[in-house]
Structure formats: C-alpha cells, structure tokens
Amino acid sequence: MLETRDLTKVYNESVLAVNELNLKVDDGEIYVVLGANGAGKSTTISMLLNFIEPTSGTALVGDIEIPKFPLEAKKHLAYVSENVELYRNFTARQNLSFFAKLGGRKKVSNEELDATLGRVGLPEEAFTRRVKTFSKGMRQRLGIAIAIMKNAQAVLLDEPTSGLDPKGGADFLNLLRQLKEEGKAIFMSTHDIFRAKEIADRIGILVEGNLERELTREEILEEDLEALYLHYVAGYEPEEDATESITPE
Ligand SMILES: Nc1ncnc2c1ncn2[C@@H]1O[C@H](COP(=O)(O)OP(=O)(O)OP(=O)(O)O)[C@@H](O)[C@H]1O
Ligand SMILES: [Mg+2]
C-alpha cells in the first residue's frame, strides 16, 4: 500500500509544485496519474522515493513513513524511470545482478537472472550484451526486470511507456498486469490517455499540483477520458451542437 497525506512541495519557496495531495494505492492496484507538463507528477514520484523532501505532509509505504525512515522505506519501493539508470558497460545480466544485490538480495543464480530477463521479453542474445548497445525499449525492459527482482511492495514508474513502439508498449502493460496480480501497489505517471484507460484501476488528474479529479475503474470505462482530461487541464468544453452535426439524417 502506498499513501500520501497532505503531501506538498514548494520549490525555492515560490513554486508550489504539489499541493496537499491525498491519495492511496492499494496492493494489487494500478494508479495512473495524468497531468500536463509541470503538473507535479515527477515531483510526487520523487517525494515517494525520497529523492526530494516534502515541504509538508508525508507519504507511506505500508505503515512506514517514507521521509522519516527512508532506508527502511527504500526496501519496499522499486522505481522504473523514463530514462532507466543503468551501467552502460555492464551486460544486461551484470546490471540485473548488481541491482539485485544493491536491493538486498544475497545470492542470485544465473538461472534466476536469465528467467527474469526472459520474462520481460529480452531476447537471449541480449543477456550478455553491453547495455550501451540497447535500444530504449530494451533498457525499459531491463528496468522492469530490476524492479521484479527487487520484489518490492510498491512499484513507481515515471512515464514508462514514452518512446516505446506499440508492441513494446503493449508488452509493458502486460508486465504491469503481472505485477498487479502479484499484489504490488503500482503508481505511474503518463501522458498516454489511451494506455491509462486500458490499464488503470484508478486515475488521478493533476492540475498545477492539485488533484482535481479521481476516477474509479467503472468511471474510467464509462467516461470520455480525453474530453474529461481536456476539461480539467485546459478548460476545453465540447461544442454544444457537435453531436447533432455528425448525426446522419
Ligand atoms: N528542481 C526544481 N526546482 C524548481 N522547480 C522545479 C524543480 N523541479 C520541478 N520544478 C517545477 O515544479 C513543477 C512541477 O514539475 P514536475 O517535474 O513535477 O512536473 P511533471 O508533471 O512531471 O511534468 P512533465 O509532464 O513535463 O514531466 C513545475 O512548475 C516545475 O517547473
Ligand atoms: Mg515529469
């Protein structure tokens, strides 16, 4: 379980990036946050990971307060970023092994490493290739493998599907579904309304640091998500006679 309580960030005593955010991601749930550039998505994720300190409020993973017990909290959090930080001169297997150990795993067999690399859809020939030769999609897959290996309770993803091809994006959603089925609490940001609609159990629309709207799975399926997003983010309203003009005689 992941939770924020009045979580707030003010940068340089002047920029209110996240304003008293209250949300909850249950185990086995995928929460997707949508919002324009600068809405505060990455700031929220950075506070959940304790990369930056909240100005006020707090966040929890399970019953651990993240800003108060960062080292303990870190054990339960896995992060997949837009630009996965990997050791370029290490192979995929070496990166995975390195990060597994960093995440507290003592002994990891090559079988387990290879099984995980296979599970995220990396071809076998890539296991022993240096990561600097990888495409973006391959790096993203390796990032997910690292998160799987850590077996953390909560997985945070900042725009994980940006720059993936359609097949890569679809594969990625399937991996997220698997993590969900394992009971992980998943929190991700995206600009991709189409994928959000497909995968999210809950959607939050963030506007200038404020959570303007939350949707349940039922609402996500019923509502015109794009129109709703534009309504909150840009104040667009549908044209009054739009439906009439496209109705055939
Ligand atoms: N290190 C920083 N110092 C000062 N202001 C910052 C810093 N990081 C972010 N901001 C500001 O905080 C606000 C929220 O930024 P944030 O990066 O969280 O948005 P975002 O929703 O992730 O946007 P994007 O979709 O472009 O990734 C913006 O106004 C941004 O300019
Ligand atoms: Mg961002």
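Predicted model only: the values in this text are computed from it and were never measured. In each ligand, atom 1 is the first atom listed, and ligand 1 is the first ligand listed.
- Residue G40 has at least one nitrogen or oxygen atom sitting less than 3.5 Å from a nitrogen or oxygen atom of ligand 1, judged on distance alone.
- Contact annotation: for T44 versus ligand 1, there are no heavy atoms closer than 4.0 Å.
- A cation-pi arrangement is found for K9 relative to Y11, the charged atom lying closer than 6.0 Å to the ring centre and inside a 45° cone about the ring normal.
- Between A39 and ligand 1, an N or O atom pair is found at a separation short of 3.5 Å.
- Looking at A36 against ligand 1, only its backbone comes within 4.0 Å, counting heavy atoms.
- Side chain of T8 to main chain of D6: a donor-acceptor pair is present (N/O by atom type, distance under 3.5 Å, no hydrogens or angles).
- Within the listing of ligand 1, atoms 12 (O), 13 (C), 14 (C) sit less than 4.0 angstrom from a heavy atom of A17.
- Proximity of a side-chain donor or acceptor of R202 to a complementary backbone N or O of V32 within less than 3.5 Å is not detected.
- Where the criterion is an N or O separation shorter than 3.5 Å, residue side chain and backbone included, N37 meets it with respect to ligand 1.
- T43 lies apart from the Mg ion (ligand 2) in this respect, since none of its N, O or S atoms is found at a distance under 2.8 Å.
- Among the atoms of G35, none of the N or O lies under 3.5 angstrom from an N or O of ligand 1.
- Within the 4.0 Å heavy-atom criterion, the part of H191 lying near ligand 1 is the side chain and not the backbone.
- The closest protein non-hydrogen atom to atom 25 (O) of ligand 1 is K41 NZ, 2.7 Å.
- Among protein heavy atoms, the minimum distance from atom 17 (O) of ligand 1 is reached at S42 CB, 3.8 Å.
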| Can you check side-chain hydrogen bond (donor to acceptor under 3.5 Å, both in side chains) on Y31 and E214, steps first, answer last? | CA-CA 10 Å; Y31 191 116; E214 253 189 354; 2.7 Å; yes
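- Summary of contacts: the protein heavy atom closest to atom 9 (C) of ligand 1 is Y11 CE1, 3.3 Å.
- Looking from atom 18 (O) of ligand 1 to the surrounding protein, the closest heavy atom is T43 OG1, 2.5 Å.
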| message | What verdict does the salt bridge (charged side-chain N to carboxylate O under 4.0 Å, His left out) test give for D114 and R93, after you've listed the backbone C-alpha separation in whole Å, the side-chain angles of each residue and the deciding distance to 0.1 Å? | response | CA-CA 7 Å; D114 289 0; R93 196 194 271 151; 2.9 Å; yes
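- Near N12, meaning under 4.0 Å from any of its heavy atoms, are these atoms of ligand 1: 4 (C).
- Among N50, L2, V155, the one residue that satisfies the side chain to side chain contact (heavy atoms under 4.5 Å, CB included) test with L77 is L2.
- With R141 contributing its side chain and L122 its backbone, the two residues share no donor-acceptor pair below 3.5 Å.
- Of the protein's non-hydrogen atoms, the one nearest atom 27 (O) of ligand 1 is E159 OE2, 3.4 Å.
- The protein does not reach atom 31 (O) of ligand 1 closely, with no heavy atom under 4.0 angstrom from it.
- Counting protein heavy atoms only, atom 28 (C) of ligand 1 is closest to G38 O, 3.7 Å.
- Distance alone, capped at 3.5 Å, places no donor-acceptor pair between the N12 side chain and the S14 backbone.
- Under 4.0 Å is where a charged nitrogen must lie from a carboxylate oxygen, and between E198 and R177 at least one such pair does.
- Here CD1 of I144 is found 11.0 Å from CG of D171. Values are rounded to the nearest 0.5 Å.
- Looking only at distances, a side-chain donor or acceptor of Q140 sits under 3.5 Å from a matching main-chain atom of P160.
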